Amino acid sequence: MALNYIFRNTLPSAFSRLFCRSRFPVEALQNQWFCTTRLTSSSSDDFTVSYLVNSCGLSPEAAIVASHKVKLQSLVKPDSVLALLREYEFSDSQISTVVRRYPRLVLADGKKTLLPKLEFFCSIGMSRLDLAKTLSYNPIIFTRSLKNCIIPCYTFLRSVVLSDFKVVNIWKRHSWIFGAILSKNVIPNIGILRELGVPQSSIALLVTYHAEIVIRKPESFSELLGEVKQLGFDPQKSSFVHAMHALYGKKTTWRRNEEAYRRWGWSDNDILSAFRLCPLCMIKSEKKIMETMDFLVNKMGWRLGKLAKFPYVFLYSLEKRIIPRCSVVRVLLLKGLMKEDKLSLATITTTSEKYFLTKFVSRYLNQVPQLLNVYQGKVVVHKLT
């Protein structure tokens, strides 16, 4: 769809010009006399501030600041820009945010410079709502050339992630990449990954969800790869990318989580072993780690060594999966219907809901009729013991 857009718009057509003109309401023509009359310098500032407040929704303070960056001499361009943004479902608050962050947008030629960009983004599958949300957060994209920046960026990203859907996901997470000079860092870094033997699927995973890593300078990027390799991760596996993600935040998230695990008695070897098994256990929030440890150790009585050997447990929701399932298992243990040495934390947490209900709930309902209510959180465990 996007390729059709690119080829279709290489040459202007009378139809497209007519289509663009028809987008704007005739109400804008009511100001034609004023729009063609240039304002004096002394009145320009007052008029600019008034317009930014009354038409764009800026606060008086923000409008005064913005008026230092833009001087309105006519209503033609600003009115057409606002009409175009509203046509693409920008809310009043989003328009206010866009203009506050990039005041000069109101001086743009809506039909010639803004409309083609909006049409292109929609052509690759971006909804107008997502487009408005992202551009209001990062309006600098409006300043980038469609032909020389945005389309080449899209073309390259699609060659990496192999679908418009994933390109749209990149847009939602990392819209700034559409304004970046990819040849400076991104393209060389992806080349390094390919030379290392990282499969296309893992590269796509990295670019889609962790684009902030591939934007690093190649020297720094290579150092990160070296650290991941030194820890024994296989470039052929997706865990290599997860390890990159975890080590990327080593100065902040890693150190904070490292201390959290240590407070629960994990040794450096335990932490390193857990990280090698499940790199993502090092990117969870400190609160998530502490609450999960508290429940599994203090309420369930699991040994710390057992948790270190199955760090995947920290990836699951405490409220939606760990507590309901472990509560059922705790009742079965207290009732003597199950032995702890026969239990596997992996079986309890990773299996499908259907399998868990069959193996741990349905088969024991005759002995413990309220077991399903325990699973659903309707009955607390101590009332059954």
Side-chain angles (χ1 to χ4, degrees), residues 199 201-202 205 208-209 233-234 236-243 245-246 257 260-261 264-266 270-385:
S201 59
S202 292
L205 174 68
T208 302
Y209 296 102
F233 287 94
D234 184 353
Q236 295 285 331
K237 297 181 179 179
S238 60
S239 59
F240 189 87
V241 169
H242 296 317
H245 181 205
N257 290 350
Y261 287 122
W264 281 97
W266 279 18
D270 288 332
I271 295 172
L272 186 57
S273 175
F275 174 66
R276 284 173 171 159
L277 285 172
C278 177
L280 294 179
C281 75
M282 294 303 292
I283 65 171
K284 298 288 123 178
S285 69
E286 181 182 7
K287 180 182 178 182
K288 163 72 173 173
I289 293 171
M290 299 300 286
E291 290 180 348
T292 301
M293 281 288 202
D294 178 60
F295 178 79
L296 293 175
V297 175
N298 294 333
K299 295 183 173 61
M300 285 298 300
W302 293 103
R303 295 186 301 274
L304 288 169
K306 197 169 188 176
L307 298 181
K309 292 179 180 178
F310 189 72
Y312 296 96
V313 70
F314 295 100
L315 307 187
Y316 295 104
S317 168
L318 187 63
E319 293 77 16
K320 295 180 180 179
R321 177 166 294 213
I322 297 175
I323 291 178
R325 294 189 177 196
C326 286
S327 296
V328 167
V329 170
R330 187 181 179 195
V331 170
L332 295 176
L333 289 171
L334 292 172
K335 293 288 187 180
L337 298 173
M338 189 171 286
K339 294 183 179 181
E340 185 175 349
D341 59 359
K342 300 293 184 181
L343 286 174
S344 164
L345 191 54
T347 301
I348 295 172
T349 56
T350 65
T351 55
S352 67
E353 183 177 32
K354 181 179 180 180
Y355 178 88
F356 181 85
L357 289 173
T358 300
K359 185 174 178 63
F360 293 95
V361 178
S362 300
R363 67 188 297 183
Y364 296 105
L365 285 177
N366 289 335
Q367 297 97 316
V368 190
Q370 290 186 297
L371 200 56
L372 182 60
N373 288 333
V374 171
Y375 178 72
Q376 294 173 341
K378 297 178 181 178
V379 176
V380 292
V381 174
H382 70 79
K383 291 184 178 182
L384 298 178
T385 60

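Worth knowing before you read on, the calculation uses all heavy atoms, side chains too, and leaves out hydrogens, waters and symmetry mates. Just so you know, these numbers come straight off a predicted model, no measurement behind them.
Here the closest heavy-atom approach between residue Ala246 and residue Pro279 is recorded as CB-O, 3.7 Å. Contact record, Ala274 with Pro311: O-CG, 3.4 Å, taken as the closest heavy-atom pair.
Residues Arg276 and Leu272 form a side-chain contact, since some pair of their non-hydrogen atoms from C-beta on lies under 4.5 Å apart. Contact of the Met338 side chain with the Tyr364 side chain is registered, since non-hydrogen atoms from C-beta on lie closer than 4.5 Å. With contacts defined as side-chain heavy-atom distances shorter than 4.5 Å, the pair Gln367/Leu332 does not qualify. Here the side chains of Phe314 and Leu280 are not in contact, with every heavy-atom distance at 4.5 Å or above. When side chains are defined from C-beta on, Leu304 does not count as touching Asp270, because their heavy atoms never get closer than 4.5 Å. Between Thr292 and Tyr316 there is no side-chain heavy-atom pair separated by less than 4.5 Å. Inter-residue side-chain proximity for Cys326 and Phe295 is flagged as met; some heavy-atom pair is nearer than 4.5 Å. Using a 4.5 Å cut-off on side-chain heavy atoms (C-beta onward), Lys378 and Leu372 make no contact.
Ring orientation note: the planes of Phe233 and Phe275 are nearly perpendicular, at an angle over 60° on the 30°/60° scale. The aromatic rings of Phe356 and Phe360 lie parallel to each other, with less than 30° between the two planes, well short of the 60° mark.
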Legend entry - Steps toward side chain to side chain contact (heavy atoms under 4.5 Å, CB included) verdict (Lys309, Arg303): CA-CA 10 Å; Lys309 292 179 180 178; Arg303 295 186 301 274; over 6 Å; no

Inset, instruction - Report the C-alpha separation of Tyr261 and Cys281 in whole Å, then their side-chain angles, then the decisive distance to 0.1 Å, and conclude whether the side chain to side chain contact (heavy atoms under 4.5 Å, CB included) test is met. - result: CA-CA 10 Å; Tyr261 287 122; Cys281 75; 3.7 Å; yes

Inset, instruction - Take Thr349 and Leu315, measure what side chain to side chain contact (heavy atoms under 4.5 Å, CB included) needs, and give me the verdict at the end. - result: CA-CA 10 Å; Thr349 56; Leu315 307 187; over 6 Å; no

Inset, instruction - Go through Phe310 and Ile348 one step at a time and tell me if the side chain to side chain contact (heavy atoms under 4.5 Å, CB included) criterion holds. - result: CA-CA 12 Å; Phe310 189 72; Ile348 295 172; over 6 Å; no

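For Asn257 (side chain) and Lys284 (main-chain N/O), a donor-acceptor pair under 3.5 Å exists by modelled atom type. Not a single donor-acceptor pair under 3.5 Å links the side chain of Arg330 to the backbone N or O of Met300. Side-chain N or O atoms of Tyr312 include one that pairs as donor or acceptor with a backbone N or O of Leu277 at under 3.5 Å.
Once rounded to the nearest 0.5 Å, the distance linking CH2 of Trp302 with CG of Leu345 reads 5.5 Å. Here the CZ atom belonging to Arg325 is positioned 7.0 Å from the CD atom belonging to Glu353, to the nearest 0.5 angstrom. The line from CD of Gln236 to OG of Ser201 is 9.5 Å long, rounded to the nearest 0.5 Å. Going from atom CG of Leu365 over to atom CD of Gln370 covers 11.0 Å, rounded to the nearest 0.5 Å. How far CD of Glu286 is from CD of Glu291: 10.5 Å, rounded to the nearest 0.5 Å.
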